[in-house]
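Encoded as structure tokens, the structure appears first; notes follow it.
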Amino acid sequence: MDRARRPRSVLAALTAALLAVPGVTALSSAARAADADVAVNGGFESGLTGWTCPAGTTVDAPVHSGRSALQATPAGSDNAQCSQTVTVQPDAQYTLSGYVRGSYVYLGANGTGTTDVSAWTQSAPDWQKLSTTFRTGPATTKVTIYTHGWYGTGAYQADDITLVGPGGSGTGQPPAAPSGLKATSVTSSSVGLSWSAVTGATSYAVYRDGTRVQTATGTSATVTGLAASTAYSFQVAAANAAGESAKSAAVTATTGPGTGGGSPGLPAHALVGYLHASFANGAGYTRLADVSDSWDVIDLAFGEPTSVTSGDIRFNRCPVTECPGVESDADFKAAIKAKQAAGKKVLISIGGQNGQVQLTTTAARDAFVSSVSKIIDTWGLDGLDIDFEGHSLSLNTNDTDFRNPTTPVIVNLISALKTLKAKYGPTFVLTMAPETFFVQNGYQYYGTGKWGGQDPRCGAYLPVIHALRDDLTLLHVQDYNSGPIMGLDNQYHSMGGADFHIAMTDMLLTGFPVAGDPDNVFPPLRPDQVAIGMPASTNAGNGYVSPAEVTRTLDCLTKKANCGSYATHGTWPALRGLMTWSVNWDRFANGEFQKTFDGYFG
């Protein structure tokens, strides 16, 4: 926060259907019995797995079936080709088909060993099926299937691409669908699953409510990040080099009731605000005793380190020379106790724009725990807010798994927070206020990337949030002072309206593949853990939205009403509430933000 301002699996075609397609010759009984869909991930349900597609991505609308489809955009001298090489049998008949949308869209096969084929459409405003057939040459074992558009004609979509014929030599067919799926354990936020092994399977894909959320190499998995007292449907598919099986029969499990859910003593809907306690700016100083009772969580801004890497955090209250109206330490402590007696939570917020904290060593980690504990104990606070910005968190090269981080500043922070939580127990309030760059931007980029060159801070908060998700009271991402961020609709969203807040919050509550990897999904947070960060006024930071847009954001997320262009993946009436930078700036603006919250939630 800125002190100055801102804070299908697709079923194989039946022989009868094949024979009905013009130009398809009848196959022998032996050949028909061996027919299978040998294309991998033709429905794009597993992202771009199996495809080489430099100019493509997957989208959740429009789709022909399932949850995803391909979208690729030709540009300049690039026709946005997406292709995969498939193992086939020599001297065998194959049918290639798929559904496309757009102008000048092609579907074809190269390397057949006989005559390469393609089908195309000049204009398909809605889904149109393309189909073609070919026979492989006497020595052909590999064929490349592809789809592409035409230069400069705009994006096209493709879905449900199949290549039906005899399974290729050496790869066989996709395995059978798993059986015996059952829930083995259920908590308020997780479900354990197990299933029977499938012959020939090398891995298993776990689906929650139709969305792939995990890949397992064994016959069990635990799906985490679930909401309490909520029913979920699970399925599993088996996979090998030839592709993915059909999904198993579904099993439904209902999570248990929450036990406070890491939200000790908070109301169902809470208003969170930062109070300028160690500095003054244009908003003016506000005494803690004068903070309205509308504020449920008050973050004292800020505790800062003695040096960037010391881990030694100090909380210095604003001096009287800078804040003429500042209260005495005794009055400040009395105000903290009065707020707590009224059911409010008062936290120390560490960091901010100027408070860079890098726990590069275990000594710094231990100093952090000791010094933060001293602040909490001295002032009698309820917990801690982590507002690390700038270069506090970044990922080392090759640290690519958010579930198992190796970067010292990440590992040491996680360890320190777990130590503090264990020290103070279940009533300890832990909140985080990352910027979008460190969280939602992880959907596109994570750390330096597979080939290097990316900003190592991309998505760097994700391992911290994930490791602490069972201890985390609130995550309130700063949806302000942000550049455009890609949402789950694969469109960029910019500040200034409800759609930005809706898209950013939907990502937290739905979960998302990190760096676009469908096998590396950041699980959703519970709605009671999420508040939306907004500037209190035009003076507080870039990204201010009017009360009407705040209301529209809440309507869409909690009621699925009054939504705009972004389609959410759920409805979350238990969304915890709103956070703002800051209490002072809201008071400066005559309490507009506070009044909007009170008017909505009562």
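In what follows, residues are counted from 1 in the order of the sequence shown. Here the structure is a predicted model, which means the values were calculated and not measured.
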Donor on one side chain, acceptor on other, S565 and D499, under 3.5 Å: yes
Aromatic plane relationship, H493 with Y566 - under 30° parallel, 30 to 60° tilted, over 60° perpendicular: perpendicular
Gap separating the CG atom of L578 from the NE2 atom of H476, nearest 0.5 angstrom: 11.0 Å
Least distance between heavy atoms, L475 atom then L472 atom: CB-CD2, 3.9 Å
Close side-chain approach of D479 to F500, heavy-atom, < 4.5 Å: yes
Backbone of L163 reached by a side-chain donor or acceptor of D37 within 3.5 Å: yes
Backbone of Q71 reached by a side-chain donor or acceptor of Q157 within 3.5 Å: no
Residue pair V464, F388: steps toward the side-chain contact (heavy atoms from CB on, under 4.5 Å) verdict: CA-CA 11 Å; V464 181; F388 284 14; over 6 Å; no
Side-chain donor-acceptor contact under 3.5 Å, T49 with N41: no
Test side chain to side chain donor-acceptor pair (under 3.5 Å) applied to S97 and K129, step by step: CA-CA 7 Å; S97 64; K129 185 176 182 179; 4.6 Å; no
Close aromatic pair by centroid cut-off 6.0 Å: W195 and Y204: yes
Non-hydrogen atoms of A177 and S245 that approach each other most closely: CA-OG, 3.6 Å
Heavy-atom pair with the smallest gap, counting every atom of T436 and S482: OG1-OG, 2.6 Å
Derivation of the side-chain contact (heavy atoms from CB on, under 4.5 Å) call for T505 and T553: CA-CA 10 Å; T505 308; T553 299; 5.6 Å; no
Sub-4.5 Å side-chain heavy-atom contact between V439 and L508: yes
Heavy atoms from other residues, nucleotides or ligands near CG of N562 exceed 12 (cutoff 6.0 Å): yes
Short side-chain to backbone donor-acceptor contact, T162 and V164, under 3.5 Å: no
Any donor-acceptor N/O pair, T580 side chain to M534 backbone, under 3.5 Å: yes
Stepwise side chain to side chain donor-acceptor pair (under 3.5 Å) check, T133 with T95: CA-CA 4 Å; T133 63; T95 297; 5.8 Å; no
Any side-chain donor near an acceptor of the partner, Y104 and Q122, under 3.5 Å: yes
4.5 Å side-chain heavy-atom contact, I532 and L557: yes
Contact list for residues 501-524, test ring-ring contact (aromatic ring centres under 6.0 Å, His included), sequence neighbours left out: F402-F522, F512-F522
D506 side chain to H569 backbone, donor-acceptor under 3.5 Å: yes
Side-chain heavy atoms of Q478 within contact of F438, under 4.5 Å: no
Evaluation steps, side-chain contact (heavy atoms from CB on, under 4.5 Å), between L70 and L48: CA-CA 8 Å; L70 167 70; L48 297 177; 3.9 Å; yes
Where T407 and S394 come nearest, the two heavy atoms and their spacing: CG2-O, 3.4 Å
Heavy-atom donor-acceptor pair, Q81 side chain to Y146 backbone, under 3.5 Å: no
Gap separating the CD1 atom of I410 from the OG atom of S392, nearest 0.5 angstrom: 10.0 Å
Validation row: P524, T510 side chains within 4.5 angstrom (heavy atoms): no
P535 to N542 - nearest heavy-atom pair and separation: CG-O, 3.9 Å
Check: Q235 side chain, S248 main-chain N or O, donor-acceptor pair, under 3.5 Å: yes
Mutual orientation of the aromatic rings belonging to Y106 and H148 [parallel < 30°, tilted 30-60°, perpendicular > 60°]: parallel
Heavy-atom donor-acceptor pair, Y445 side chain to F437 backbone, under 3.5 Å: no
Evaluation steps, side-chain contact (heavy atoms from CB on, under 4.5 Å), between Q84 and V40: CA-CA 8 Å; Q84 69 170 261; V40 175; 3.6 Å; yes
Whether Y232 and F234 hold their rings parallel, tilted or perpendicular, with breakpoints at 30° and 60°: tilted
Minimum-distance pair of heavy atoms, taken over all atoms of D528 and L474: O-CD2, 3.7 Å
Polar side-chain atom of T136 near backbone of D91 as donor-acceptor pair, under 3.5 Å: yes
Check: T406 side chain, D399 main-chain N or O, donor-acceptor pair, under 3.5 Å: no
pair L107-T121: side-chain heavy atoms closer than 4.5 Å: no
